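Heads up: the structure comes next, in structure tokens.
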Number of protein chains: 2
Amino acid sequence: MGVTKTEIFTSEQNRLATMLKAMAHPARIAILEQIIKSNACICGDLAEELGLAQPTISQHLKELKSAGLIQGTIDGVKVCYCIEPKAWELLHKDLNAFFKAHQGPADCC
Amino acid sequence: MGVTKTEIFTSEQNRLATMLKAMAHPARIAILEQIIKSNACICGDLAEELGLAQPTISQHLKELKSAGLIQGTIDGVKVCYCIEPKAWELLHKDLNAFFKAHQGPADCC
DNA sequence: CCCATATATTGCAATATTACGATAGATATA
DNA sequence: TATATCTATCGTAATATTGCAATATATGGG
């Protein structure tokens, strides 16, 4: 149905899935990479850098923002986006824990 | 259009996005957690453990498998799923590098 | 105030995802 | 062989996502 049964999962599972979904698009990966690379947070040069239309970029930025991964500050006419350090660190930590839960190649099948 | 312009991104960006998308669903997070927890790779007890129908679980397993994150071995009538250690380690490493690229709260905006 | 520039929002069209019932296939056991 | 069990696939309904043109909004300069 295209509708996820969120109610049967823990809030942790839902939260992690939501964060991952926010990142799970090449354009959003590219946007995050750009924001990180140009240490200062670039604005709407993104539309030029990547080959997507301005509304499309705006929409991707909105998704990253609503996930809490980035923040935007209005700077005159432009908007300045950068990583939201707390959410970034938290997600990094959570993912680390998730991946570490499976140790080594001591497998069964 | 619901269709991602994969051709304008690097294969690395596409690969990472694909892996993240494979994990970006609470049911698939839950499945991975179960597979990891019950160290031996459980099979279709998953449908019972989580509250989803068997075809739904089967579909999620297929997605995780086609992303290469898990592998399934036929064991009589049942199928035994477990983490694919190589892909798991690689993704862990890639994500670590990705998150580490942004250092500290020395931000701009 | 008018205009140019930067960004957000709206409204689509095309496709993808999620979930499940029904059913098929495959294997063990009686 | 017949039957029960486990898993995969098919088909379908109900959303969700992606992308963009058109348009709205907001800010600074003249």
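Side chains are part of it too, since the values below use all heavy atoms of this structure and drop only hydrogens, waters and symmetry mates. Sequence lines set the chain letters: A, B, ... in the order given, protein chains first and strands last, and positions in each chain run from 1. Small disclaimer: the values here were computed from a predicted structure and weren't measured.
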Completion exercise
side chain to side chain contact (heavy atoms under 4.5 Å, CB included) filter on B:Thr10, not counting sequence neighbours, yields B:Glu12, B:Gln13
Fill in the blank from the handout: Separation of D:dG19 atom P from A:Glu63 atom CD, nearest Å, is 10 Å
Practice task
Using whole Å, report how far CG of A:Leu46 lies from P of C:dT7.
Solution key: 9 Å
Handout entry: Sugar-phosphate only, base, or nothing, as touched by B:Thr56 at under 4.0 Å among non-hydrogen atoms
Key = base
Practice task
Could you check how far CD1 of A:Ile57 sits from C1' of C:dT9, rounded to whole Å?
Solution key: 16 Å
Handout entry: Closest approach of B:Cys82 to B:Ile35 (non-hydrogen atoms, all atoms of both residues)
Key = CA-CG2, 3.6 Å
Handout entry: Residues from residues 13-28 of chain A lying under 4.0 Å of DNA chain D - heavy atoms
Key = A:Lys21, A:His25, A:Arg28
Problem - Atom-to-atom span, CG of A:Asp75 to P of D:dA26 - whole angstrom - result: 17 Å
Problem - B:His60 side-chain N/O to C:dA19 phosphate OP1/OP2 under 4.0 Å - result: yes
Problem - Comparing A:Thr4 and B:Thr4 on DNA chain C - which has the more 5′ nearest nucleotide - result: B:Thr4
Only pairs under 3.5 Å count here: list side-chain donor-acceptor contacts from residues 52-65 of chain A, not counting sequence neighbours, and write none if there are none.
from    : atom 1 : to      : atom 2 : distance (Å)
A:His60 : ND1    : A:Arg28 : NH1    : 2.9
A:Glu63 : OE1    : A:Arg28 : NH1    : 3.4

Completion exercise
Whole-Å distance, B:Gln59 CD to D:dG11 C1', equals 12 Å
Check residues 86-98 of chain B and write down every donor-acceptor pair under 3.5 Å in which the side-chain atom is one partner and the other belongs to a residue at least two apart or another chain.
from    : atom 1 : to      : atom 2 : distance (Å)
B:Trp88 : NE1    : A:Phe99 : O      : 3.0
B:His92 : NE2    : A:Asn96 : OD1    : 2.6
B:Asp94 : OD2    : B:Arg15 : NH2    : 2.3
B:Asn96 : OD1    : A:His92 : NE2    : 2.6

Exercise for the section: State which residues pass side chain to side chain contact (heavy atoms under 4.5 Å, CB included) with A:Thr18; sequence neighbours excluded, sorted by chain then number. Expected result: none
Completion exercise
Between CD1 of B:Ile74 and P of C:dG25 the distance, given in whole Å, is 15 Å
Handout entry: Nucleotide-resolved protein contact map, nucleotides 3-8 of chain D, B/S/- at heavy-atom distance under 4.0 Å
Key = --BBBB
Exercise for the section: Take atom NZ of B:Lys5 and atom C1' of D:dG19, then tell me their distance rounded to the nearest Å. Expected result: 7 Å
Exercise for the section: Go through B:Ile29 and A:Asn14 one step at a time and tell me if the side chain to side chain contact (heavy atoms under 4.5 Å, CB included) criterion holds. Expected result: CA-CA 9 Å; B:Ile29 295 285; A:Asn14 283 313; over 6 Å; no
Exercise for the section: Step through the shown structure and confirm whether more than 12 heavy atoms of other residues, nucleotides or ligands are within 6.0 Å of CD1 on A:Ile74. Expected result: no
Practice task
Using atom CD1 of A:Ile31 as one end and atom P of C:dT7 as the other, report the distance to the nearest whole Å.
Solution key: 13 Å
Completion exercise
Rounded to the nearest 0.5 Å, the CD1 atom of B:Ile36 sits from the CD1 atom of B:Ile31 at a distance of 12.0 Å
Exercise for the section: Report yes or no: do B:Val77 and B:Leu46 belong to one cluster of Ile/Leu/Val/Met/Phe/Trp/Tyr joined by side chain heavy-atom distances under 4.5 Å? Expected result: no
